[in-house]
Amino acid sequence: MMGAIALVMLFPIGVTLINSFMSTREIGINYGPVGQMNKVMEGRNDLFANLKWLPDQVSLEQYGKVLMDSPLYLSLFWNSVFLVVPIIAGQTLIAALAAYAFSKLRFRGREFMFLIYVLTMLMPFQVTLVPNYIMAERLGLLNSSVAIILPGIFAAFGVFMLRQFMLDIPYAYIEAAKMDGAGHLRIFYTIIIPMVQPGLAALTILLFVDYWNMVEQPLIFLDDPLRQPLSVYLSNVSSEKGLAFAASAIYMAPMVLLFLYAETYFIEGVQLSGIKG
Amino acid sequence: MKNWARKDSSIAWLFLAPSVAGFALFYLIPFGMGVFYSFMDRTVGGQYVGLQNYRELIAGDSFRKAASGTFYFSLVSVPLLIVLSLGLALLLNRSLYGQKWLRTAYVLPLVVPVASIILVWQILFDWNGALNAWLSGFGLARVDWMKTEAARNVIITMYIWKNIGYNVILFLAGLQQIPKDYYETAQIEGAGRLRQFRSITLVYLTSTMFFVVIMSIINSFKVFRETYLIAGPYPHDSIYMLQHFMNNMFLSLDLPKMTAASTLMVGGILIIVLGLFAMERRYRRYME
């Protein structure tokens with residue numbers, strides 16, 4: 001039974017992958033009826049999508065179209081990369097610093113401040129949408145990817161997660177390093193950072209997942225379609241079913257490969273963030 | 001000792017400065033502005049109108065529709081997800097052939113971008129889709145999945161598909177922390193399986209459960225993306241959510257109403273979270 005559930009879970013991913021090797025013609029024949037409500041209204045009741053398990057013949061046509069014939073696609077892919085990489089790098093660094101203060105240093109209002117961080121983490125994107133938009137407008141950031149990158153860098157999630165990891169490090173290490181005359185900055189990068197590497201890896205994956213996937217922010221903050229990340233383009237690609245599967249497969253590939261590569265870290269990271277939640 | 005604490009606190013602020021500055025600029029101040037705008041009639045050069053936006057909001061049909069849509073969705077899908085994922089975690093929590101592979105399969109949907117799966121959902125749930133093809137293959141009437149009450153079930157399915165793996169790994173971590181000899185002792189004292197589950201497993205999962213519930217609620221808000229991508233800005237009533245409402249208000253530039261809606265939503269989330277905190281504290285006390 002567990003196996004059957006696993007198959008259901010893998011089903012949409014498998015369909016995408018397998019269908020990415022179908023020819024455009026076959027896609028048209030199989031999935032043409034999807035979204036064609038009107039034809040049915042005209043009395044054609046026999047039209048159904050035909051979900052195929054295996055292509056009639058394996059074809060790289062879709063991949064060819066995506067990679068060779070549509071330069072737009074590749075440039076949108078790079079847009080995604082240029083949004084996600086700075087967010088991950090920035091949030092990891094800034095969150096690690098803050099997490100150190102929240103877990104290992106004492107100061108007034110620590111608990112309260114942390115509570116505020118956690119609360120904003122829970123809010124859906126739409127809640128801060130308007131004020132964020134006005135803020136971006138005032139700072140002159142509209143239509144620039146910076147309007148998406150900066151809020152990403154300062155999101156509370158990284159602080160929350162890395163704090164959980166740092167709480168696990170015994171204070172004795174820091175005490176000992178202090179005895180040897182090390183300052184906090186030195187303790188931070190020679191002791192703490194190496195010790196929370198699994199946490200940094202897990203955070204990287206989770207942030208990658210989250211921001212690789214973003215749709216709402218770019219739609220709101222970027223008017224220029226050429227600046228949009230691929231996730232936005234893919235989300236209305238279904239009119240072009242001919243290349244949609246290959247495009248989707250390419251888009252999910254970095255995520256899936258990274259996940260399979262670093263699965264242990266990822267799971268450890270998620271579990272640790274939950275145990276002391 | 002006091003001197004030491006003061007030294008700590010100035011260093012702490014050095015470590016915190018970049019994060020707090022950015023956090024304030026992009027989250028705290030915007031949020032405060034949002035609350036402020038919700039009492040004005042316009043965002044630029046507006047006048048204070050008190051609770052008027054709120055009154056109009058609550059009197060309006062689409063806000064009520066959105067609020068109840070969100071409420072019912074979370075009310076049904078969150079408990080369902082938790083029961084299912086706890087069940088899976090219990091099944092996975094013994095030595096099982098291929099356990100690691102199963103876990104990978106359950107977690108994989110979490111990392112797959114929503115946009116790249118939308119097409120599969122469309123092919124499945126379209127009026128002419130694969131699911132209806134199968135139904136009619138069995139001689140059953142087809143269902144208009146996205147344009148009837150059935151839409152709610154479709155969205156719940158997507159939500160569970162995506163999030164079950166996350167909860168399963170959280171529950172697995174919680175289960176592995178329960179000492180095995182508790183169960184042995186219970187067995188010797190003649191406790192049945194159900195009794196063991198209720199008095200050991202559930203009790204020791206309290207803090208995990210708390211976290212899982214919160215994360216599941218957060219993630220239930222994120223299902224908006226799927227809903228939006230598959231059904232557009234005005235989906236069937238049963239899946240019209242607060243985020244749809246806010247997006248549409250934003251696009252029609254009705255900002256005061258939108259900020260009022262988001263303030264109410266924050267209030268709602270706050271009440272839920274504080275309620276959960278209070279419940280957890282009470283439950284813990286009862287345990288001790």
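Quick note on labels: first sequence line is chain A, next is B, and so on, each numbered from 1.
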Could you tell me which of A:Leu185, A:Ile205, A:Thr16, A:Leu129 has the largest number of non-hydrogen atom pairs under 4.5 Å with chain B? A:Leu129
Among the options A:Ser231, A:Ala98, A:Pro151, A:Ala249, pick out the one with the most heavy-atom pairs lying under 4.5 Å from chain B. A:Pro151
Please flag which part of [X] lies under 4.5 Å from any non-hydrogen atom of chain B: side chain, backbone, both or neither.
| X | answer |
| --- | --- |
| A:Phe102 | side chain |
| A:Tyr251 | both |
| A:Leu260 | side chain |
| A:Leu119 | side chain |

Greatest number of heavy atom pairs closer than 4.5 Å to chain A - which of [options]:
| options | result |
| --- | --- |
| B:Val266, B:Val273, B:Thr259 | B:Val266 |
| B:Ile217, B:Ile218, B:Leu172, B:Leu242 | B:Ile218 |
| B:Trp101, B:Trp161, B:Trp13 | B:Trp161 |

Flag the pair [X] / [Y] as yes when at least one side-chain heavy-atom distance between them is below 4.5 Å, and no otherwise.
| X | Y | value |
| --- | --- | --- |
| B:Ser9 | A:Arg108 | no |
| A:Met2 | B:Tyr106 | yes |
| A:Ile116 | B:Leu28 | yes |
| A:Met9 | B:Leu108 | no |
| B:Val107 | A:Phe266 | yes |
| B:Tyr37 | A:Ile134 | yes |

Just how far is it from atom [atom1] of [X] to atom [atom2] of [Y], taken to the nearest 0.5 Å?
| X | Y | atom1 | atom2 | answer |
| --- | --- | --- | --- | --- |
| A:Glu268 | B:Ile169 | CD | CD1 | 11.0 Å |
| A:Leu97 | B:Leu14 | CG | CG | 10.0 Å |
| B:Leu25 | A:Asn132 | CG | CG | 9.0 Å |
| A:Gln126 | B:Phe221 | CD | CZ | 10.5 Å |

Given B:Tyr228 and A:Glu216, is the side-chain contact (heavy atoms from CB on, under 4.5 Å) satisfied, shown in steps? CA-CA 10 Å; B:Tyr228 185 80; A:Glu216 297 100 323; over 6 Å; no
Minimum heavy-atom distance between [X] and [Y], given as atom pair plus value:
| X | Y | result |
| --- | --- | --- |
| B:Leu110 | A:Val209 | O-CG1, 3.4 Å |
| A:Ile94 | B:Pro18 | CG2-C, 4.1 Å |
| B:Val112 | A:Asn213 | O-ND2, 4.4 Å |
| B:Ile269 | A:Pro124 | CD1-CD, 3.5 Å |
| B:Leu119 | A:Ala244 | CD2-CB, 3.4 Å |

Contacting moiety of [X], where chain A heavy atoms sit under 4.5 Å:
| X | result |
| --- | --- |
| B:Ile214 | side chain |
| B:Ser136 | side chain |
| B:Leu124 | side chain |
| B:Phe224 | side chain |
| B:Phe171 | neither |
| B:Val212 | neither |
| B:Thr104 | both |
| B:Ile230 | neither |

Checking A:Val159 against B:Ser19 for the side-chain contact (heavy atoms from CB on, under 4.5 Å) test, could you report, in this order, the C-alpha distance in whole Å, the side-chain angles of both residues, the deciding distance, and whether it holds? CA-CA 9 Å; A:Val159 181; B:Ser19 173; 4.1 Å; yes
For the residue pair B:Phe15 and A:Phe188, categorise the inter-ring angle as parallel (less than 30°), tilted (30 to 60°) or perpendicular (more than 60°). perpendicular
Counting the benzene-type ring for Trp, do B:Phe23 and A:Tyr117 have ring centres under 6.0 Å apart? yes
